[in-house]
There are 2 protein chains.
Amino acid sequence: MGMLVRKLARHTDLGSGDRVALGTLTSQNVRALRHRSLIDRDPETGPIHIMLAGWACRFAVLPSGRRRILAFYLPGDICDFDLFTARQIDQPIAAIGAARVAAVDRRSLRQAMTRQPQIERAFWSEAALDAAIQRSWTINVGHRAADRRLAHLLCELHVRLGATGASGGAGVAFPLTQADLGDACGLTSIHTNRAIQELRRAGLLDLSAGTLRIHDWAGLCTMASFDPAYLTVAAEEAEGDEAVGERRAAG
Amino acid sequence: MGMLVRKLARHTDLGSGDRVALGTLTSQNVRALRHRSLIDRDPETGPIHIMLAGWACRFAVLPSGRRRILAFYLPGDICDFDLFTARQIDQPIAAIGAARVAAVDRRSLRQAMTRQPQIERAFWSEAALDAAIQRSWTINVGHRAADRRLAHLLCELHVRLGATGASGGAGVAFPLTQADLGDACGLTSIHTNRAIQELRRAGLLDLSAGTLRIHDWAGLCTMASFDPAYLTVAAEEAEGDEAVGERRAAG
DNA sequence: CGTGGGTTTGAATTCGGTCAAGTTTCGTGG
DNA sequence: CCACGAAACTTGACCGAATTCAAACCCACG
């Protein structure tokens, strides 16, 4: 069953019709990606990409030659919300490890949003969530000390992966290298390494061999001043819905 | 005439009906703000805020006590795109200097989007633009050296203010203090000051007494590696429009 | 004429970067 | 199953950019 539906259903009520429509859209044009293969997009006709499995990241390579990661996309995430504008894609998006993405035709998507108003609502909500995450990154890379930065990013990813609280025993699969984490936090891989060691030494977490284990969730949140509120979208009361429902029913 | 319409019309064709609807929405509930007055919002019923005149910024105060500015909102800008979710507002928004904002009821806005499909398109495009700017900030505060950071921010604001190229003679009105700029760039006001002096000494710009004068636009862009492409949204060809137009016409 | 916000200057400190080397891990093919 | 090589991880010494602390300065405004 689709990760996209699962994610959207967290904050938006989706009927069976909505789910079917989303399933159709995301099964149309699925691409398998290997490590570091680019998700490219023709600026004119290019589709919207939605992660089905695996991770991806959006990055920029600066004149200095250094890579800066701007966002991570996890299963179910929508890689961009350029539904209408023929905007040139700002930054390349690349798979981390093996991944599968659905390349959804923008026109079909808009038509689906027309017929299924809840899909449109869900996309607006996701876009708002996306923006909140991006703002949180701006804070993170711009101000916090190295260990706090790492801690905050790991908290965010842990929650976005659906893991709540500590993940003591098995931990969660975590495909990022220390260099990746560094690029996402604005640190060198060397300093990233030292920061991780501090977190380890403090008994907060353990990160190795492709798995992240958080031993002291509360402690980690405190040191990172992480508050998961911005990642949870409460569904709005039904008050305003009729208006939206009405018109679409006519279509 | 509304700054909002002027901004949206840059990338989306707006008919007279659209313009009237937007005018009505933004004239309904206008608030005058003094320096630093907050744009607060009830998480449940709160309206969407749109800048009519003056500047505002979204900021966060960190445990260290330092303020970090996350976004600037200029006349015509939409402060948030939380159309459907009852999300708690992440960060406070405050006016810079005197400002006027329209507090637009979310339900009315959604109804307007229903009746005027071009308004919905315009909002999606603006949201995409907003996201691109936020990503650019993530790069800026996370990686560039102090003077480059400042330069990039000034380039962005200059373009967003509608000024193209150098603004030699009169310059543009610029209400930000060096402390504001510092908070937006992740720098202390002291270091911001030194960085500005460097830009001045290099003959790139002059920033004082509430006006920004850019003497060497090309030079400034080069040093900041600023490419205005991400700020310009090209309108999409009409190819996909019929589908959207159709349904709305029915409503 | 004083007050306070914004700006400017200087010196000491620190966090993170750079450079350079070494070690571990893991996947691949012999 | 082991040998090999590449990528990831780790460690140490040095350096530089930005912060911090402290103190003027300037100008607009009451």
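A, B, ... follow the sequence lines: proteins, then strands. Residue 1 opens every chain.
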| Going 5' to 3' on DNA chain C, which nucleotide is the first and which the last to come under 4.0 Å of a heavy atom in chain A? |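 Result: C:dG16 to C:dA20.
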| In terms of ring plane angle, is the pair A:F81 and A:F123 parallel, tilted or perpendicular, where the classes change at 30° and 60°? |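 Taking A:F123 first and then A:F81, their aromatic rings stand perpendicular (interplane angle over 60°).
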| task | Look at the rings of B:Y230 and B:H152 and say which category their plane angle falls in: under 30° parallel, 30 to 60° tilted, over 60° perpendicular. | result |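 If you compare the ring of B:Y230 with that of B:H152, the planes turn out parallel.
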Verify whether one side chain among [X] and [Y] offers a donor that lies under 3.5 Å from an acceptor in the other.
{"X": "A:Q134", "Y": "A:D130", "value": "no"}
{"X": "B:S225", "Y": "B:R144", "value": "yes"}
{"X": "A:T211", "Y": "A:R213", "value": "yes"}

| field | salt_bridge(A:E156, A:R160) N-O dist < 4.0 Å | value |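 Salt bridge between A:E156 and A:R160, a charged N being under 4.0 Å from a carboxylate O: yes.
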| field | Test: A:R67 and A:D180 ion pair at under 4.0 Å | value |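 Answer for the salt bridge query: yes.
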| request: Return the 5'-most residue of the pair B:L176, A:A209 with respect to DNA chain C, ranking by each residue's nearest nucleotide. | output: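 Going by which nucleotide is closer to the 5' end, it is B:L176.
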| message | On DNA chain C, compare the nucleotides closest to A:T192 and B:R200; which residue's is nearer the 5' end? | response |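 Closest to the 5' end, via its nearest nucleotide, is B:R200.
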In this structure, how many angstroms lie between the [atom2] atom of [N] and the [atom1] atom of [X], rounded?
{"X": "A:H191", "N": "D:dT10", "atom1": "NE2", "atom2": "C1'", "result": "14 Å"}
{"X": "B:E198", "N": "D:dA18", "atom1": "CD", "atom2": "C1'", "result": "12 Å"}
{"X": "A:I96", "N": "D:dA7", "atom1": "CD1", "atom2": "P", "result": "17 Å"}
{"X": "A:I190", "N": "D:dC15", "atom1": "CD1", "atom2": "P", "result": "16 Å"}

| field | Verdict with reasoning, B:L62 to B:R68, per side chain to side chain contact (heavy atoms under 4.5 Å, CB included) | value | CA-CA 7 Å; B:L62 300 173; B:R68 285 283 297 116; 3.6 Å; yes
| request: Considering just the side-chain nitrogens and oxygens of A:N193, establish if one lies under 4.0 Å of OP1 or OP2 belonging to D:dC9. | output: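 Result: no.
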| Looking at A:Q197, does any N or O in its side chain come under 4.0 Å of the phosphate oxygens OP1/OP2 on D:dT11? |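 Yes, within the criterion.
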| task | Can you sort out which residues in residues 179-188 of chain A have a heavy atom within less than 4.0 Å of DNA chain D? Ascending by number, please. | result |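 Residues of residues 179-188 of chain A under 4.0 Å from DNA chain D: none.
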| Residues in contact with DNA chain D, drawn from residues 139-154 of chain B - heavy-atom cutoff 4.0 Å |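 The stretch gives B:A145, B:A146 as the residues lying under 4.0 Å from the strand, ordered by number.
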| task | Please report the C-alpha distance between B:I48 and B:D105 in whole Å, then the side-chain angles of each, then the deciding distance to 0.1 Å, and finally whether the side chain to side chain contact (heavy atoms under 4.5 Å, CB included) criterion is met. | result | CA-CA 6 Å; B:I48 301 287; B:D105 178 62; over 6 Å; no
| Could you go step by step and tell me if A:D77 and A:L74 meet the side chain to side chain contact (heavy atoms under 4.5 Å, CB included) rule? | CA-CA 5 Å; A:D77 283 351; A:L74 312 187; 3.7 Å; yes
| task | Check whether any side-chain heavy atom of A:L205 sits under 4.5 Å from a side-chain heavy atom of A:W217, and report yes or no. | result |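 They are not in contact (no side-chain heavy atoms under 4.5 Å apart), so the answer is no.
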